[in-house]
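In this text the structure is predicted, and so the values were computed from the model without any measurement. Letters go in sequence order (proteins before strands), and every chain restarts at 1. What you see below is based on every heavy atom in this structure, not just the backbone, and it leaves out hydrogens, waters and symmetry mates.
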There are 4 protein chains.
Amino acid sequence: MTAATTPAAGRPAPRGRIDKRQAILEAAFAVFARRGYAQACVQEIAQEARVAKPTVYNHLGDKENLFRHALAAAADLVMAENLAVVERLRDPGDDLRRSFEDVGHRLLKVCCGQRAGALRALTYAQLAAFPDIVEVTQGQTAGLLGEALADRFARLTLNGRLRTPDPTRAAEQFLALLTGPMETRSRLGTRTVSATETRSIATSAVDTFLLAYGTDGRAHTP
Amino acid sequence: MTAATTPAAGRPAPRGRIDKRQAILEAAFAVFARRGYAQACVQEIAQEARVAKPTVYNHLGDKENLFRHALAAAADLVMAENLAVVERLRDPGDDLRRSFEDVGHRLLKVCCGQRAGALRALTYAQLAAFPDIVEVTQGQTAGLLGEALADRFARLTLNGRLRTPDPTRAAEQFLALLTGPMETRSRLGTRTVSATETRSIATSAVDTFLLAYGTDGRAHTP
Amino acid sequence: MTAATTPAAGRPAPRGRIDKRQAILEAAFAVFARRGYAQACVQEIAQEARVAKPTVYNHLGDKENLFRHALAAAADLVMAENLAVVERLRDPGDDLRRSFEDVGHRLLKVCCGQRAGALRALTYAQLAAFPDIVEVTQGQTAGLLGEALADRFARLTLNGRLRTPDPTRAAEQFLALLTGPMETRSRLGTRTVSATETRSIATSAVDTFLLAYGTDGRAHTP
Amino acid sequence: MTAATTPAAGRPAPRGRIDKRQAILEAAFAVFARRGYAQACVQEIAQEARVAKPTVYNHLGDKENLFRHALAAAADLVMAENLAVVERLRDPGDDLRRSFEDVGHRLLKVCCGQRAGALRALTYAQLAAFPDIVEVTQGQTAGLLGEALADRFARLTLNGRLRTPDPTRAAEQFLALLTGPMETRSRLGTRTVSATETRSIATSAVDTFLLAYGTDGRAHTP
DNA sequence: TATGAATGAGCATTCATTCAT
DNA sequence: AATGAATGAATGCTCATTCAT
């Protein structure tokens, strides 16, 4: 993660500083998400952070820089959530399918949640302008998440509970089976998808995944 | 399709007008793709279309309107390409796997090509500002494409060559297995993916898909 | 001269254009003279020119460019006045001293007038920022003026009415004897110098000059 | 002089304070000279003086005040140099011409040196904004210098070595003959003038001056 | 006293949009 | 129908200046 998420409750002086920087970054992400990069004006970000405009510039220097840091901070948060979810596969219990469905469902809620959606939208939007931010957001999100998932799949394969000759590829496909349909159903996040539909997407994804990579080879019978 | 793509070479007078409109829309899409919505200025679009600025306004009225029409036109083109590819599944021949791989590979090239990438980026970028454009682009792209694919899957299932109880879901997953990994590998389109890697993605997607939905139930042995 | 001072009364359309450009340049010079380069704001220049701010940018592109052109235009005017004065020495009449005093007095009024003063101040002020403007203003003003004067001195020397082995040097000194004391007396232009004092400066300058370069070698007896 | 130029190495406590004030004033003059009044930012001055920004305000209160004091300090220095040069005319020795040339050459080096040039430029630049600074700089420079020179001329006239009925006028002209051509040749200080050219300017000035005000009435024969 | 941090005010510049031709 | 010219509205960014420490 880029920055410490839980600052020690130390001396009072720098605390205000850090609080303000944090507030600015959060406000920035909110406004960028709401308006898009170019339409977002620093004025609004400052207002939302309860700070004067020059303070924003003092802390982050530049609109572009502000954007990068706001994205990085948000990506850190999303990543932390995702990794926490994947961690649940470290000890999946007896019912592997149930575990996968649980994890899939949780990933779905994170990946298509408010923050992750905005992150994806902003990243796509500014691809042409700042091609390197992909490393910051997608690199963190899809990249690390994929690897963490691949790690779990590899261990489960060693344990004989999965059959993934190429765990990285399997992880990619698992994530794709989850998020792809979700994107379609939610119209890129513009429609709310009902809880049952969300769960259904997760179940279907796990079905297909286990049919391809499971060791029993049979999907649940609906 | 939203607009006639191939105007007949008929009367000379309206031809120039149509040509100009077409040129404006193409230039607009190019500039929007290059700069993003807000950063793109009408001036540049007019220059690229070899037209004076007010002419753009005469034809399209508004920057927002210009954007919508430019996106729609591009979406039409992408859609046409995609549908043409899917049509190949209407008569798949003996080797179903081969057909699927062929179609998958082609879809991949279209979906992650220049135009489709820009379309996706622009759509994501302006989601917050103009939520309804999703219907125009994604609705056209993912929606119609998915349904066309689902049609093929349904027929193949009826013919006993596939086993898709829910063809729409299967189509979603097929597309997800193709584009999801591609997005990851290409870093959202910022890196070129080698031809072999592209083919490998298609192959893997088809493998997984056929393991889940095929009638023989066995992946190809590499 | 940089631009035609008297535009032909031709087609009506470009006339408005030229008028506006002219108005902008004049307003710019006035405001720059009043406030200095950095303190002058384009807004005020636009107002003074009865024009919208972007029009200023459309015509002159840049504050710096605006500055350069405004200075150049003013320098042209000053130069024209100066050259017209010097021209009077082409046929000086019998009383050479009288002619010199006349010319000196007139040069003094031009060189220390409103416009020339502002020109000098602005040039000095922005020397560090735009070192090349010296060529535009001083080059025009002191340079060409000096040469024109030197030309007269050379002819008068050939005619035996003056004795200037180095006319350029003599011209420099003549101008220095005029403007130097004037600068001191007027406190760099911040005080108005009475007409009699101005005339006295001119007379003294001519006295000294003729004592050094005259052929009779005697100053007028006061 | 406005401020003590050489603070005695006395008590340690006020010393640091005075040093700091001195450092600020010097840095201020340097930055003002480099950028001009408006373009100079207090931040840069503080940095150059190795001091925090509020310290500048603590000591000098205001940007305008800072400017005045910085100019005054620089004017003091220039003035001191100039007066020292003029003092050499108190006992000119046998060869008056030689003495004058020496003094002229030295004055030229001072008046057109780094500091005096910047002083003149800054004064001109802010004439419109702060008309009273002329008294501080030009008053010190040209005014006092002229009077000191006039004093010498008066004494030399009393001694029969010069013939200046109006010493003040003569002093003005002497300075004008020196600095006027120098300004022209150096393009207002933007070009370096070679040592020989500088000397030649001084010689010519003295030539003309002595032809007009000398007692032998003859210029040196080149 | 000296300073890190914060702010109010201002300014150059850009751009979508509209007239008059 | 097409365009050169003009404008109103924003916006990023800077800077002098002031608190609180």
Side-chain angles (χ1 to χ4, degrees), chain A residues 11-14 16-18 20-21 24 38-46 49-66, chain B residues 13-14 16-17 20-21 24 38-46 50-66, chain C residues 11-14 16-17 20-21 24 38-46 49-66, chain D residues 13-14 16-17 20-21 24 38-46 50-67:
Chain A
R11 294 136 299 163
R17 193 92 220 284
I18 288 177
K20 235 155 214 174
R21 186 190 167 94
I24 290 171
Q39 293 91 337
C41 74
V42 178
Q43 165 70 17
E44 190 177 357
I45 293 174
R50 312 284 203 148
V51 159
K53 214 193 320 179
T55 303
V56 176
Y57 284 92
N58 283 343
H59 279 264
L60 276 309
D62 209 340
K63 191 184 183 185
E64 185 180 326
N65 215 284
L66 175 57
Chain B
R17 204 168 151 73
K20 236 160 213 176
R21 186 189 166 95
I24 291 172
Q39 293 91 336
C41 70
V42 178
Q43 166 70 16
E44 191 178 355
I45 293 173
R50 312 283 204 149
V51 161
K53 219 193 316 181
T55 304
V56 176
Y57 284 90
N58 285 342
H59 280 264
L60 275 309
D62 208 345
K63 191 184 182 184
E64 185 180 328
N65 215 295
L66 175 57
Chain C
R11 295 134 300 167
R17 194 93 222 282
K20 237 157 213 175
R21 186 190 166 95
I24 291 172
Q39 294 91 337
C41 73
V42 179
Q43 166 69 18
E44 189 177 356
I45 293 173
R50 313 286 204 146
V51 160
K53 217 193 318 183
T55 303
V56 176
Y57 284 90
N58 283 344
H59 279 265
L60 275 310
D62 207 342
K63 191 184 181 183
E64 184 179 328
N65 215 284
L66 175 58
Chain D
R17 202 164 154 76
K20 238 163 209 173
R21 185 188 167 95
I24 290 172
Q39 293 92 335
C41 71
V42 179
Q43 166 69 17
E44 190 178 355
I45 294 173
R50 312 283 204 150
V51 161
K53 219 192 317 181
T55 305
V56 176
Y57 284 90
N58 286 343
H59 279 265
L60 289 133
D62 208 343
K63 191 184 182 183
E64 185 179 329
N65 216 295
L66 175 57
F67 183 66

When every nucleotide of nucleotides 12-19 of chain F is labelled 5' to 3' by its protein contacts under 4.0 Å (heavy atoms), B for base, S for sugar-phosphate only, - for none, what sequence of letters results? SBBBSBB-
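- Across A:Val42 and A:Tyr57, no two heavy atoms sit closer than the pair CG2-OH, 3.4 Å.
- Phosphate proximity of E:dA5 to A:His59: absent, as no side-chain N or O sits under 4.0 Å from OP1 or OP2.
- In a base pair of the Watson-Crick type (N1 to N3 plus N6-O4 or O6-N4) or a G-U wobble (N1-O2 and O6-N3), with each distance short of 3.5 Å, F:dC15 is matched with E:dG8.
- The CZ-C1' distance, from D:Arg21 to E:dA2, rounds to 16 Å in whole Å.
- Base pairing of F:dT21 is made with E:dA2, judged by Watson-Crick or G-U wobble geometry with both donor-acceptor distances under 3.5 Å.
- Looking at the side chain of C:Val51, the nearest of the listed nucleotides F:dA2, F:dT7, E:dA6 is F:dT7.
- When all heavy atoms of D:Ile45 and D:Leu66 are compared, the pair lying nearest together is CD1-CD2, 3.9 Å.
- Residues B:Ala52 and B:Ala46 approach most closely at C-CB, 4.0 Å, considering heavy atoms.
- Side-chain contact check for D:Arg21 versus D:Leu60: some heavy-atom pair is nearer than 4.5 Å.
- The separation between D:Lys20 atom NZ and E:dT1 atom P is 12 Å, rounded to whole Å.
- Rounded to whole angstrom, the span from the CD atom of B:Glu44 across to the C1' atom of E:dC15 amounts to 12 Å.
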